[in-house]
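Heads up: numbering here begins at 1 and tracks the sequence.
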Amino acid sequence: MKNFAQSLLDLWKQLGLNQRVSLVVAALGVVGGLVAVVLWSQRPDYQLLYARLGDKDAAAVISYLETQNIPHQVTGGGSAVQVPANLVYKIRMDLAGKGLPSGDGVGFEIFDKGQFGLSDFVQRTNYLRALQGELARTISQLQGVRASRVMIVQPENRLLLTEQGVKSTASVFVDVGGGRLDADQVNAIRNLVANAVQGLAADQVAVVDNHGRVLSEELKQDPTLGTASSQMRYKQQVEDYMAKKVESMLAAVIGPGNAVVRVSAEIDTDATVQMSEKYDPDGQVVRSQTTVEDVTNSSESRTSGGAVGVSANVPEKNQGTAEAASRPMSTSEQNRKNSTTTYEINRATTNITRSPGTVKSMTAAVFVAPHMVTPAPAADAPKGAPAPEPQVQKRSPQEIEALRQIVINALGIKIPAGQTAESLVSLQELPFQAAERIPAQVEAIAQANRWQGWIDAARGWTPVIGAAVVLFLFWRTFRRQKPEAVPVEVLSLTPAAARSLPSSSSTVTPELLNELIRHKPANVGVALRDWVAAGASPGPGKN
């Protein structure tokens, strides 16, 4: 093996510069190729974990893989994730246990592909699915909402409706993790869904979170105040509005935080309908008038002719007929006029409907803080003396009464007969607890907490400080340690003379010197510096 290495070394010495460079480049190429083949053979076989992921789901899946230090690849423009083939099913089960991917649902992209031959029922169902998916995606963008689902129920569009009272309804499920949505966010979800669905009211939208709480129950509008919860909620809203109204006004006069206002309102929760009908007999009005007119005419006349025909040749009958013909004929004419007038008595009908929610009465309790007046420094006070402490100055009864009247006018309270302003608005001037000095126990607790904070900070920095101290001591020790000086006289000795030295001598042999130069050049350098400083020569015959 040694001869083979020596032959290779001799061959290398015989090569020229260009040959050596070519041989080195070829060797590097072969080694690089072998390394690439080995790395490629050890590369894991990636298979598809999930495809067509949304941005939110893709970010959650990638975050989980990075946390578990699982190698992965992102393809498909960020919508597909690949992992090693032997971990695909295990990772899918782990992600399913964490609810990933949550899925954004199907949106209006369901209509991107033309589908012929679908019935009207399928088309309406696809539209409802797309609408639910788009609403779920929008709600998931709200702060504090991790995922959401929307279910919409609409009455069937039939030609003959058998149930006229069926209305559209919707249910929204939101996953808020460990948090909770406030009333404004829940109300925004209700109005978002109600305005996206035709014929859907905001009160018909139910919002439920992952803790099983119905978030929309307290936000339903009850115009009739038929339930106790609606009455209490409306009463609280009225009282809070009035209290904030007075507090904001007093804060501009006596300073922020120097007034506390509480209002109690009595709400009329009864819905009444009043109908009245009033008649005025003096105010007659002609309603109808009828006129009837009859006309009758009478006249008398005589006739001289006799009967004609066979009866005129009979003597007995002829005589009677002559007498009848000689009698006079009478005709009468009569005029009659009838008029009927109908009068209507004046009547007034009034219908009054009163909705609940009227404020029947209102009382208020107000606490105001006293004045804090800083006295002027004394004329003979030395320069640089501390300023005098503020002193409490109570208001006069006139000022208290003026503030009470302001509160009465702001609340719109009407003082009925037999009551006074003090019985409706109680206003007192008392020192607030926040204005007093902190007790000694509270100060001691605050001091202990302050030291505890310093202790916690020192505990966190102790390892860093200890490591810095150890590094500093090691650096100081390293600087103080000097390399051992090597006698320079051995440089003037021949190899034969160096070998002839006794083994017990402290003189360093050339072989040992060469070994020291290769492994400990600093020691040799120190020896040379000492020799230069002492003015010695490296060998005989040399200056």
Note to self: Set out, in order, the CA-CA distance, both residues' side-chain angles and the distance that settles side chain to side chain contact (heavy atoms under 4.5 Å, CB included) for Asn210 and Val176, then state yes or no.
What the structure shows: CA-CA 7 Å; Asn210 57 320; Val176 296; 3.2 Å; yes
Note to self: Is there a side-chain contact between Phe173 and Ser148 in this structure, where contact means two heavy atoms from C-beta onward sitting under 4.5 Å apart?
What the structure shows: no
Notebook entry, point to check: Within the distance-only criterion (no hydrogens, no angle test), does the side chain of Gln204 pair as donor or acceptor with the backbone N or O of Ser168 below 3.5 angstrom?
Noted result: no
Note to self: If you define the side chain from C-beta out and look only at heavy atoms, does anything of Phe432 sit under 4.5 Å from Val260?
What the structure shows: yes
Check: Roughly how far, to the nearest 0.5 Å, is CD of Gln154 from OG1 of Thr169?
Finding: 9.0 Å
Check: Would one find more than 12 heavy atoms of other residues, nucleotides or ligands at under 6.0 Å from atom CD of Glu277?
Finding: yes
Check: Do Val172 and Leu135 have side chains that get closer than 4.5 Å, going by heavy atoms?
Finding: no
Next item on the list: Please report the shortest heavy-atom distance between Ala206 and Ser216, naming the atom on each side.
Entry: CA-OG, 3.4 Å
Please tabulate, for the side chains in residues 403-418, all donor-acceptor contacts under 3.5 angstrom to protein atoms that are two or more places apart in sequence or on a different chain.
{"unit_1": "Arg404", "atom_1": "NE", "unit_2": "Val425", "atom_2": "O", "d": "3.1"}
{"unit_1": "Arg404", "atom_1": "NH1", "unit_2": "Glu401", "atom_2": "OE1", "d": "2.7"}
{"unit_1": "Gln405", "atom_1": "NE2", "unit_2": "Asn409", "atom_2": "OD1", "d": "3.3"}
{"unit_1": "Asn409", "atom_1": "ND2", "unit_2": "Gln405", "atom_2": "O", "d": "3.2"}

Next item on the list: May I ask you to check whether over 12 heavy atoms, not counting those of Met151, lie within 6.0 Å of atom CE?
Entry: yes
Item checked: salt bridge (Lys or Arg N to Asp or Glu O under 4.0 Å) contacts touching residues 355-367 (sequence neighbours left out) -> Glu266-Lys360
Margin query: Can you confirm whether Val61 sits close enough to Leu95 that some side-chain heavy atom of one is under 4.5 Å from a side-chain heavy atom of the other?
Written below: yes
Note to self: Is the shortest side-chain heavy-atom distance between Pro155 and Lys167 below 4.5 Å?
What the structure shows: no
Notebook entry, point to check: Distance-only, no hydrogens or angles: does the Arg92 side chain make a donor-acceptor pair with backbone N or O of Leu49 under 3.5 Å?
Noted result: yes
Notebook entry, point to check: Looking at residues at least two apart in the chain, or sitting in another chain, which of them share a salt bridge (Lys or Arg N to Asp or Glu O under 4.0 Å) with Arg180?
Noted result: none
Notebook entry, point to check: Hey, does the side chain of Arg190 reach the backbone of Ala202 with a donor-acceptor pair shorter than 3.5 angstrom?
Noted result: yes
Checklist line | Straight-line distance of Thr269 OG1 to Tyr234 OH, nearest 0.5 Å | finding: 11.0 Å
Check: Got a donor-acceptor contact below 3.5 angstrom from the Asn187 side chain to the Ala183 backbone?
Finding: no
Note to self: Once rounded to the nearest 0.5 Å, what's the spacing between atom CZ of Arg129 and atom CD of Gln132?
What the structure shows: 9.0 Å
Note to self: Counting neighbours of CZ on Arg354 that are heavy atoms of other residues, nucleotides or ligands and sit closer than 6.0 Å, is the number greater than 12?
What the structure shows: no
Margin query: Determine whether a donor-acceptor pair (N or O, by modelled atom type, separation under 3.5 Å) exists between the side chain of Arg395 and the backbone of Ala369.
Written below: yes
Notebook entry, point to check: Within a strict 4.5 Å, meaning less than it, do heavy atoms of the Leu181 and Ile189 side chains meet?
Noted result: yes
Notebook entry, point to check: Heavy atoms, side chains only, cut-off 4.5 Å: are Val366 and Leu250 in contact?
Noted result: yes
Margin query: For a quick check under 3.5 Å, do Thr290 and Thr340 share a side-chain donor-acceptor pair by atom type?
Written below: no
Next item on the list: Take atom CD of Glu422 as the centre, draw a 6.0 Å sphere, and report whether it contains more than 12 heavy atoms from other residues, nucleotides or ligands.
Entry: yes
Check: Can you tell me how far the OG atom of Ser361 sits from the CG atom of Leu424, to the nearest 0.5 Å?
Finding: 8.5 Å
Checklist line | By salt bridge (Lys or Arg N to Asp or Glu O under 4.0 Å) - contacts of Lys244 (at least two apart) | finding: none
Show me, pair by pair, the donor-acceptor contacts under 3.5 angstrom made by side chains of residues 65-74, not counting sequence neighbours?
{"unit_1": "Thr67", "atom_1": "OG1", "unit_2": "Ser63", "atom_2": "O", "d": "2.7"}
{"unit_1": "His72", "atom_1": "ND1", "unit_2": "Ile70", "atom_2": "O", "d": "3.0"}

Notebook entry, point to check: Is the backbone of Val273 close enough, under 3.5 Å, to the side chain of Thr353 for a donor and an acceptor to pair up by distance?
Noted result: no
Check: What pair of heavy atoms forms the shortest contact from Ala259 to Ile254, and how long is it?
Finding: CB-CD1, 3.7 Å
Check: Does a side-chain heavy-atom distance below 4.5 Å link Val359 with Ile267?
Finding: yes
Item checked: With Ala59 via side-chain contact (heavy atoms from CB on, under 4.5 Å) - residues at least two apart -> none
